[in-house]
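This report refers to the structure that appears directly beneath it.
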Amino acid sequence: MTNTVFFLFGATGDLARRKLFPAIYSLYRERKLGDRFAVIGLARRPRTNEQFRSDVLESIKEFARYNVTKDEQWESFADHFEYMSLDINNVDGFRELNTVADRLDKKFEVGGNRLFYLALAPELFGSVSHNLKEGGLLETSGWSRLVIEKPFGYDLPSAEKLNAEIRQVFEEKDVYRIDHYLGKEMVQNINVLRFANAIFEPLWNNRYISNIQITLSETVGVEERGGYYDHSGALRDMGQNHMLQMLAMMAMEPPSRMSPEDIRDEKVKVFRSLRGFQTSEEVRANTVRGQYATGNMKGKQVAGYRQEDKVNPESMTETYFSARVFVDNFRWAGVPFYIRTGKRLPVKTTEVVVEFKNVPNNVYLSKKHKLEPNLLVFRVNPMEGIYFKMNAKQPGSEGTIVPVAMDFCQSCQVGLNTPEAYERLLYDAARGDSTYFTRWDEVALAWQYVDKIAAAWRESSDNLCLYPAGTWGPEEAHQLLDEDGFRWWPVNGQDEGEVAWEFVQR
Ligand SMILES: NC(=O)C1=CN([C@@H]2O[C@H](COP(=O)(O)OP(=O)(O)OC[C@H]3O[C@@H](n4cnc5c(N)ncnc54)[C@H](OP(=O)(O)O)[C@@H]3O)[C@@H](O)[C@H]2O)C=CC1
Ligand SMILES: O=C1O[C@H](COP(=O)(O)O)[C@@H](O)[C@H](O)[C@H]1O
């Protein structure tokens, strides 16, 4: 149980509606919240408690994985929710908030624990921290924790400034920086698969692995977030955080203990080993960026990025990028990590593919037999699972070799109803487990890496390639791998134009 008063700043926003209310409801239904909790929704626009509870109900009906009806159980859950209209810049409002929090703390016997969740634009994080202190909200008998959303800054200097503002008020141990990809079941499973099995770790290095591919493809465009996205772009929106975090999970050394600091220390070592780009030419040779143009998604014509709401009609912001990344350490020297992400691609999927090297003396290699390499694939979403592709003799044949797959489909076993990333992370923050939150040094090193790319791209945008919506991005992204003798493996076992492998049905 997590006795906590949740202060939800940005309670009228998109993230609260789509992710946070449903996550709180799931935790309640799974009895992880117990009854000693309260949620205070905070934003500027006026709302009565009744209106707020009705908004929460609508959001849960639309997005939660548990069904809800307005009955007794709902009423007792909703009773824990209150709303207060508050402008972040108004310190008097924070004093009043303290009174509301004390009242709810007593009513639900919380015991003084306070979790401040900032579902707000990052520019407001510093003011909130400052006013929480000024308003006396941190003078409590329990703990106080700050949960902050990404993006944590726009580049390294802005992130440093933001961090300094927050750290004037909160200690690092009480700051929980969200990267919701770290809350995903299969991303957490990377550690388990690697460190709880004897068979993978001995092969997990440059002697046996030829390359690693991380794909995070989305079918959606920028939707209602054009204003934010046009200043961010794919590199900052997904690259600096989710993609580099997944890369670090794949590349890190085994921690000596499963403690938050041990794991984060190992990730930091990976970030320190990233081969930073020294020149703009290096950036151009190792990265590709693109922007979606009008195209066809599942038979429907969709607008190009520049026609989207709140996007500059002459925007040069990238909605796609791919990169060849090297981790210069003993384990990974010479192994390229290819990462790619984009909006308006043909499928929604996140996959990590580990491609193994060929066997040393391949006695089956002949004109007749072109053996496929072994692949280990983490399917992160929407389907969750792990599969391993290997070569086997086709039954009944005269030595014909075919690729077969050992397929662990987690979604098939437990259904698609696994906890959402936000559920896990909210629960972890309330329990004080910071393992799957990012520490400041990780964030800073990730910005340092990404800033070099952004700086080179700023010099000239002539390498921004347009790709039709519904395609796999610029052709140049394929060349990136071609140059090294590799190719992107189709995601979800899907065909990208030629038959990639066969599955023997079990
Ligand atoms: N939406 C998403 O899918 C994701 C969002 N994020 C991050 O989460 C954060 C929130 O995003 P999102 O919900 O989309 O943003 P929205 O623009 O939808 O919501 C912003 C919220 O901030 C409130 N707000 C703005 N200014 C003030 C102020 N001066 N005082 C008090 N409240 C204020 C708004 O309410 P009001 O206008 O009533 O004051 C609103 O509730 C951002 O950092 C974003 O990058 C991260 C990942 C995904
Ligand atoms: O952080 C972000 O993530 C979402 C994609 O998250 P997913 O869990 O649906 O894969 C992305 O759409 C958004 O632009 C970005 O800010």
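Every number for a ligand or one of its atoms is a count from 1 in the order of the listing.
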Problem set entry | Tyr154-His231 aromatic ring centre distance below 6.0 Å | no
Problem set entry | Tyr25 ring center near Phe77 ring center (under 6.0 Å) | yes
Problem set entry | Minimal non-hydrogen separation, Leu137 against Phe94, with atom names | CD1-O, 3.3 Å
Exercise. Any chance NZ of Lys348 has more than 12 other-residue heavy atoms, nucleotides or ligands included, within less than 6.0 Å?
Worked result: yes
Exercise. Which one of Ile24, Ile40, Asn49 satisfies the side-chain contact (heavy atoms from CB on, under 4.5 Å) criterion with Phe81?
Worked result: Ile24
Exercise. Would you say the side chain of Thr350 lies within less than 4.5 Å of the side chain of Thr215, judging by non-hydrogen atoms?
Worked result: no
Exercise. For the ring pair Phe63 and Phe21, is the centre-to-centre distance below 6.0 Å?
Worked result: no
For this session: Could you pull out every protein residue that has a heavy atom closer than 4.0 Å to ligand 2, ordered by chain and then number?
Result: Lys150, His180, Tyr181, Lys184, Glu218, Arg225, Asp237, Met238, His242, Lys343, Lys348, Asn381
Exercise. Is any side-chain heavy atom of Arg114 less than 4.5 Å from a side-chain heavy atom of Asn98?
Worked result: yes
Exercise. Roughly how far, to the nearest 0.5 Å, is the CZ atom of Arg236 from the CE atom of Met238?
Worked result: 15.0 Å
For this session: Could you pull out every protein residue that has a heavy atom closer than 4.0 Å to ligand 1, ordered by chain and then number?
Result: Gly10, Ala11, Thr12, Gly13, Asp14, Leu15, Arg18, Ala43, Arg44, Arg45, Leu86, Asp87, Ile88, Ala119, Leu120, Pro122, Leu124, Glu149, Lys150, Pro151, Arg225
